[in-house]
Colleague: 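My structure is below; once you've seen it, I'll send some questions.
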Amino acid sequence: MKIKIAVLAGDGIGPEIMEQGVAVCSAVAEKFGHEVSYKEALCGAHAIDEVGDPFPEETFQICEQADAVLFASVGDPKFDNNPSAKVRPEQGLLAMRKKLGLYANIRPVETFDCLIHKSPLKDDVVRGANFICIRELTGGMYFGRKVEPTVNADGVEEALDTNYYTRPEVERILRVGYQYARARRKHLTVIDKANVLASSRLWRKVAQELEKEYPDVTTDYMYVDNAAMRMIQDPKFFDVMVTENTFGDILTDEGSVITGSMGLLPSASTGSSTPVFEPIHGSWPQGRGLNVANPLAQILSVAMLYEYFGLNREGALIREAVNASLDANVRTPEIQADSCSEKYGTKEVGKWIVDYIRKA
Ligand code: IPM
Ligand code: MN
């Protein structure tokens, strides 16, 4: 198969983990006889510095013309500490999601047996947890009407974000949830705040209608506050959860605690145009250039990319190599076993996985 990949390495640790992601992608392509080509493009703080726009038109064109986008991370502290900055790196990520119509963000949460002890949660609570969070990605408060902090007519400073959803937006993401549930343990949890929010009542109304079309799937409804609790109390309860943009953002960071490190969670964003594959973590500017960032979330994003194209053996080999590296204690510092005196960085972990794939 021929796959054209747009490579958006972005900021912070992005370029370092991307280097390993691309190396793994190429090793798999070579092994299975695929023709993969890459085109790099600017995004994030990097792009603001170079061309004044966190998601330049040229980058959009490159993404649109590609079969898939491999994305790393964006963000820079020089913008975080400046609430009046006119442009921010994160706007580049949001623009990409919106312009590529990426309404469905698929975030799997799984555990690795050898890392169970890295989770602050009890062993028997997390062992075997395996669920997918389907996060709506192009609506809600992220994209609803906003008013930046301004002084109003009464002399009081105010700001506004609107949590706006339409029925078609809700329906299409719920259907994605049902499709995933059907392919798994047939259990869908719709997470909302319908006891308070009108937008959530729309979600619940649409879900209760759709539920009838999927009688083979058990649907349950949970308020987001309760879901946040249930997720760490009894994560094995969940199979597929589906929720709005903001709730999904928060719940998936919480989900990373189950796995033990944010550096382990990949994601896929799909919709009307080119799909994007990216780690769920940020750009970790403090780790930049130190060869300490965990490349596994990026590498597992490559597995999701192959699987998206139905190349399941390719994806499985990447997962096997990742598991083998963890078992062999070839791990970045944040998940390193206490007993292991050997030190591995981003590059060494990536290289070990590439070598494993070549030898497989
Ligand atoms: C994520 C990130 C982004 C989000 C930020 C960087 C804009 O936290 O992908 O979860 O809030 O969606
Ligand atoms: Mn987030």
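Because only heavy atoms are used, hydrogens play no part in the values below, and waters and symmetry mates are left out as well, while side chains stay in. Here the structure is a predicted model, which is why all the values come from computation and not from measurement.
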Colleague: Testing the 3.5 Å rule here: is there a donor-acceptor pair between the side chains of E16 and Q20?
Modeller: no
Colleague: Take a 6.0 Å sphere around CD of E158 and say whether it holds more than 12 heavy atoms from other residues, nucleotides or ligands.
Modeller: yes
Colleague: Give me the ring orientation class for W203 and Y165: parallel if the planes are under 30° apart, tilted from 30 to 60°, perpendicular past 60°.
Modeller: perpendicular
Colleague: Counting only N and O atoms by type, is there a donor-acceptor contact under 3.5 Å from the side chain of T162 to the main-chain atoms of G144?
Modeller: no
Colleague: Are side-chain heavy atoms of L174 and V206 found at a separation under 4.5 Å?
Modeller: yes
Colleague: Whether D11 and K78 form a salt bridge (side-chain N of Lys/Arg under 4.0 Å from carboxylate O of Asp/Glu) is what I want to check.
Modeller: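 Judged by the 4.0 Å cut-off on N to carboxylate O distance, K78 and D11 do not form a salt bridge.
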Colleague: I'd like to know if the side chain of H46 pairs up with that of D76 as donor and acceptor (distance under 3.5 Å, no hydrogens or angles considered).
Modeller: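 No - no donor-acceptor pair under 3.5 Å links their side chains.
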Colleague: Under the ring pair (Phe, Tyr, Trp, His ring centres under 6.0 Å) rule, what pairs show up with a residue in residues 101-133, not counting sequence neighbours?
Modeller: F131-F238
Colleague: Decide yes or no for I134 and I106: does some side-chain heavy atom of the first lie under 4.5 Å from some side-chain heavy atom of the second?
Modeller: yes
Colleague: Below 4.5 Å, heavy atoms only, C-beta onward: do V74 and P54 meet side chain to side chain?
Modeller: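 Not touching, per the 4.5 Å side-chain cut-off.
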Colleague: Kindly determine whether K347 and E19 satisfy salt bridge (Lys or Arg N to Asp or Glu O under 4.0 Å), including the steps that lead there.
Modeller: CA-CA 8 Å; K347 286 199 178 89; E19 195 184 330; 5.5 Å; no
Colleague: Taking side chain as C-beta onward, heavy atoms only, is E110 less than 4.5 Å from T259?
Modeller: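 No. Closest side-chain heavy atoms not under 4.5 Å.
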Colleague: Using a strict 4.0 Å threshold on nitrogen-to-oxygen distance, state whether K193 and E244 make a salt bridge.
Modeller: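 Salt bridge absent between K193 and E244.
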Colleague: Looking only at atom types and distance, does a side-chain atom of E169 sit under 3.5 Å from a main-chain N or O of T166, one as donor and one as acceptor?
Modeller: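 Checking the backbone N and O of T166 against the side chain of E169, a donor-acceptor pair under 3.5 Å is found.
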Colleague: Step through the shown structure and confirm whether more than 12 heavy atoms of other residues, nucleotides or ligands are within 6.0 Å of CD on Q208.
Modeller: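 More than 12 within 6.0 Å, yes.
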Colleague: How about CD on E40, more than 12 heavy atoms from neighbouring residues, nucleotides or ligands closer than 6.0 Å, or not?
Modeller: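 No, not enclosed.
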Colleague: Can you confirm whether Y38 is buried at OH, in the sense that more than 12 heavy atoms of other residues, nucleotides or ligands lie under 6.0 Å from that atom?
Modeller: yes
Colleague: Charged N to carboxylate O under 4.0 angstrom, K205 versus E209?
Modeller: no
Colleague: Does a sphere of radius 6.0 Å around CD in E35 hold more than 12 heavy atoms from other residues, nucleotides or ligands, not counting ones at 6.0 Å or beyond?
Modeller: no
Colleague: Give every residue pair that meets the side chain to side chain donor-acceptor pair (under 3.5 Å) criterion with at least one member in residues 270-292, sequence neighbours excluded.
Modeller: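 Applying side chain to side chain donor-acceptor pair (under 3.5 Å) to every pair that reaches into residues 270-292, excluding sequence neighbours, yields N291-E348.
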Colleague: So that I can tick it off, tell me whether R204 and E211 are bridged by a salt bridge, with the cut-off set at under 4.0 angstrom between side-chain N and carboxylate O.
Modeller: no
Colleague: Please name the residue in the list K186, R185, R184, R182 that meets the salt bridge (Lys or Arg N to Asp or Glu O under 4.0 Å) test with D216.
Modeller: R182
Colleague: Could you walk me through whether D67 and K4 satisfy the salt bridge (Lys or Arg N to Asp or Glu O under 4.0 Å) test, starting with their C-alpha distance in whole Å, then the side-chain angles of each, then the deciding distance to 0.1 Å, before giving a yes or no?
Modeller: CA-CA 5 Å; D67 300 309; K4 278 199 290 186; 5.8 Å; no
Colleague: How about M304 and L300: do any of their side-chain heavy atoms sit closer than 4.5 Å?
Modeller: no
Colleague: So do Y306 and H34 actually touch side chain to side chain, heavy atoms under 4.5 Å?
Modeller: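 Of all side-chain heavy-atom pairs linking Y306 with H34, at least one is under 4.5 Å.
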Colleague: Do side-chain atoms of S267 reach the backbone of I280 as a donor and acceptor pair under 3.5 angstrom?
Modeller: no
